[in-house]
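Here the structure is laid out as structure tokens; the discussion comes afterwards.
Numbers restart at 1 for each chain; the letters A, B, ... are given by sequence-line order, proteins then strands. Hydrogens, waters and symmetry mates are skipped; everything else that's a heavy atom, side chains included, is used.
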Amino acid sequence: MKISKNKVAQIFREIADFLSIKGENPFRIRAYEKAADALEHLSGDLEELYRRGKLKGVPGIGKGMLEKIEVLLSTGTLPAYEQLRAEFPPGLVEILSIPEVGPKTVKLLYEKVGVKSVDDLEMAVQSHKLRNLPGMGAKTEENIVKGLKLYRMRRSRILLGTALPLVGEVILELRERASSWIEKISPAGSLRRGKETIGDIDILVTSSNPSSLMDAFTSLSFVNDILAKGETKSSILTPQGLQIDLRVVAPESFGAAIQYFTGSKSHNINLRERAIKRGLKINEYGVFTQEGKKIAGEREEEVYHCLDLSFIPPELREDRGEIEAAEEDKLPHLLTEEDIKGDFHIHTTGSDGRDSIEDMIQRAREKGYQYIAITDHSSSLKVARGLSEQDVLSQAERIKKINSSLNNFRVFSGTEVDIRADGTLDFSDEVLKKLDIVIAAVHTGFKQDERKMTSRVIKALQNPYVKILAHPTGRLLGEREACAIDLNKVMQVAKDRGVWLEVNSQPQRLDLNDVWAREAKRRKIPIVINTDAHNKQSLDLIKLGVVTARRGWLEKEDVINTLPLDKLLTLLK
DNA sequence: GCCGTTTTCGGCCCGACTGTTTTCAGTCG
């Protein structure tokens, strides 16, 4: 049984939880969590990385962690981990995920009341067994009841593509109701970093009238429940169970605060460690000298400049080497949405899209694009009303005619051809060679094992007419795991064959993800950012793909569809 | 457990908030 890096990370996190309940050295606990983070941010197969010695020198993975990974890889288990598991009942760690309940409480409840699981805790609370414990009172008991309620209704993280428009609406409505009390306003947190999923939404604001602003915030149409309401922070719950926090900060601290609340946590820790080495201190109010003199805080850029770092865009703040790069002034010049000149993955009424070719052209031109490719599904994908060979060829003829009537814009004929279970394609080469752009993609048979899936996709990429591999892992966030596929091998073939890899902008796909997009860049494999739009509005999803690419450190030069039409045509020849 | 342009030992981010407390511990982000 092969053990994945995510599995190892999960084991490390569980060890950290056990150790925290035991009351171990907090820094040792952090070390396990940090190692788990580091593993999750690596791209590639763990065993291969280990064999090639690539794990050495990864920050957070030292001698001890390396040995543990080695043992896990060769035996599939870890004695120290098994020992901890034997030491505690199996349901204990889960109690930690209840809000308000931390390791000390779990330990106390376990030892004094015999609470071994979330259900045990529920019963203990109901029979008021907690309020007489040392350090506990009626109020704490009440808070645990609340925590349990939140735990029971706990929702999974929401998609970036859902959160972004929502926060836009929240800010809009807030401005409508309280514009005169709002000075600066900006989302922070993982939303601002462009993470693919969002836990809760943080909004920062400077205000001349905080209490009236908070009144307005807590009476927005989105409010289902008010969790907290104060002068500096209020929290509300939307009907969907999403928490939105609004924080009021002083104008002179806005930069430091937005830096602080944007995170990520490990980026900030790294930054503050760096500050300490320079005799400085960073908090959410500013950057201070040892004498307590404030030297920055109003603008976010200053915080970085004080530490002799160039400004780090929010999307890079994941502690994946961005601070070191900023130090050497080697940060990438991240691409922007304005750099995008076209879209290669578009569906129309020809298959399962909702709008016509003409509609898509119109919207693309409004966006300032210079080209699009029409890539409807192929015949075997019946659910999407896939085109027959004859259909796609007559569509290509129609596109030719459309092109003859267009100035300064080009429509490419194409297809999103299905990669069948055996790696053959749904259309014959005779048909494919008559199309401008051939995208290959897997839509069925996701449960194949890694060897089968990898060779299936590689076989498809070896077809001379395939230009793009769409949504390479097939994941659907919150619905379907990435399929088992060795992307390192796939990338090697893509590179040799000159196939472009897609960053798909659909909110639930974002596939390739940030980590793999960065790996593609490292291998100098061209990326295309596509929307996979099934209607004209969806062409605007491109921003999600761009954000994902930015998180993958991509620059304009790494992305094919930043090329203007003339350069693209030269390339396609 | 990790790590080193002061260190191979002795540090390890920082503050708010809350509750149970007469000065602090626990949790959170």
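B:dT6 sits 23 Å from B:dC2 when the P atoms are compared, rounded to a whole Å. Annotation: B:dT20 and B:dG26 have their C1' atoms spaced 11 Å apart (nearest Å). Comparing B:dT8 with B:dC3, their C1' atoms sit 9 Å apart, to the nearest whole Å. Remark: the separation of the C1' atoms in B:dT18 and B:dT23 is 15 Å, to the nearest Å. For the C1' atoms, the distance from B:dT7 to B:dC12 is 13 Å, rounded to whole Å. Going from the P atom of B:dA25 to that of B:dT21 covers 13 Å, rounded to whole Å.
No engagement by A:L66 is indicated, since no non-hydrogen atom pair under 4.0 Å with the nucleic acid exists. Contact annotation for A:G60: backbone-only contact, meaning every heavy-atom pair under 4.0 Å involves sugar-phosphate atoms and none involves a base.
Taking the side chain of A:P59 as heavy atoms from C-beta on, and the options B:dG1, B:dC3, B:dG29, the nearest nucleotide is B:dC3.
For A:E24 and B:dG1, the CD to C1' distance is 10 Å, given to the nearest whole Å. Remark: C1' of B:dG29 and CG of A:L191 are 16 Å apart, rounded to the nearest angstrom. To the nearest angstrom, C1' of B:dG26 lies 13 Å from CG of A:L96. Note: NZ (A:K233) to P (B:dG29) measures 7 Å, nearest angstrom. Rounded to whole Å, atom C1' of B:dG29 lies 11 Å from atom CD1 of A:I269. Rounded to whole angstrom, the span from the CD1 atom of A:I29 across to the P atom of B:dT27 amounts to 12 Å. As rounded to whole Å, 10 Å separates atom P of B:dT5 from atom CD of A:E327. Atom CD in A:E67 sits about 14 Å away from atom C1' in B:dC2, given to the nearest Å.
A salt bridge between A:E111 and A:K107 is present, with a side-chain N of the basic residue lying under 4.0 Å from a carboxylate O of the acidic one. Taking a cutoff of 4.0 Å between a charged side-chain nitrogen and a carboxylate oxygen, A:R13 and A:D37 qualify as a salt bridge. Between A:E67 and A:K56, no side-chain nitrogen of the basic residue sits less than 4.0 Å from a carboxylate oxygen of the acidic one, so the salt-bridge criterion is not met.
If you find the closest nucleotide of DNA chain B to A:E100 and to A:K63, the one lying nearer the 5' end belongs to A:K63.
Not counting sequence neighbours, the partners of A:K229 by the salt bridge (charged side-chain N to carboxylate O under 4.0 Å, His left out) test are A:D215. Here A:Y260 pairs with nothing under the ring pair (Phe, Tyr, Trp, His ring centres under 6.0 Å) rule; sequence neighbours left out.
The partner of B:dT8, taking Watson-Crick or G-U wobble pairs whose two distances both stay under 3.5 Å, does not exist in any strand shown.
The side chain of A:K68 places an N or O atom within less than 4.0 Å of a non-bridging phosphate oxygen (OP1 or OP2) of B:dG1.
For residues 66-100 of chain A, the set of pairs meeting the ring-ring contact (aromatic ring centres under 6.0 Å, His included) definition, not counting sequence neighbours, comprises A:F18-A:F88.
The stretch residues 245-257 of chain A does not touch DNA chain B, since none of its heavy atoms comes less than 4.0 Å from the strand. Of the residues in residues 102-118 of chain A, those lying under 4.0 Å from DNA chain B by heavy-atom distance are A:G102, A:P103, A:K104, A:T105.
A:T77 and A:E82 are linked by a side-chain donor-acceptor pair at a separation below 3.5 angstrom, with hydrogens and angles left out of the test. Under the 3.5 Å distance criterion, with hydrogens and angles disregarded, a donor-acceptor pair is assigned to the side chains of A:E322 and A:H267. Between A:Q243 and A:D245, the side chains place a donor N or O and an acceptor N or O closer than 3.5 Å (distance only, hydrogens not considered).
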Show your reasoning for whether side chain to side chain donor-acceptor pair (under 3.5 Å) applies to A:T473 and A:D511. CA-CA 7 Å; A:T473 77; A:D511 177 17; 3.1 Å; yes
Check against side-chain contact (heavy atoms from CB on, under 4.5 Å), A:F254 and A:T206: CA-CA 7 Å; A:F254 186 79; A:T206 62; 3.4 Å; yes
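Among A:E196, A:E481, A:Q508, the single residue meeting the side-chain hydrogen bond (donor to acceptor under 3.5 Å, both in side chains) criterion with A:R475 is A:E196.
In this structure, A:I276 and A:L280 have side chains that are not in contact, with every pair of non-hydrogen atoms separated by 4.5 Å or more.
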Check: protein-nucleotides 14-21 of chain B nitrogen or oxygen pairs below 3.5 Å:
residue, atom, partner, partner atom, Å
B:dG15, OP1, A:K281, NZ, 2.9
B:dG15, OP1, A:N283, ND2, 3.2
B:dA16, OP1, A:Y285, OH, 3.2
B:dG19, OP1, A:N143, ND2, 3.4
B:dG19, O3', A:T140, OG1, 3.1
B:dT20, OP1, A:G137, N, 2.8
B:dT20, OP1, A:G137, O, 3.4
B:dT20, OP1, A:T140, N, 3.2
B:dT20, OP1, A:T140, OG1, 3.0

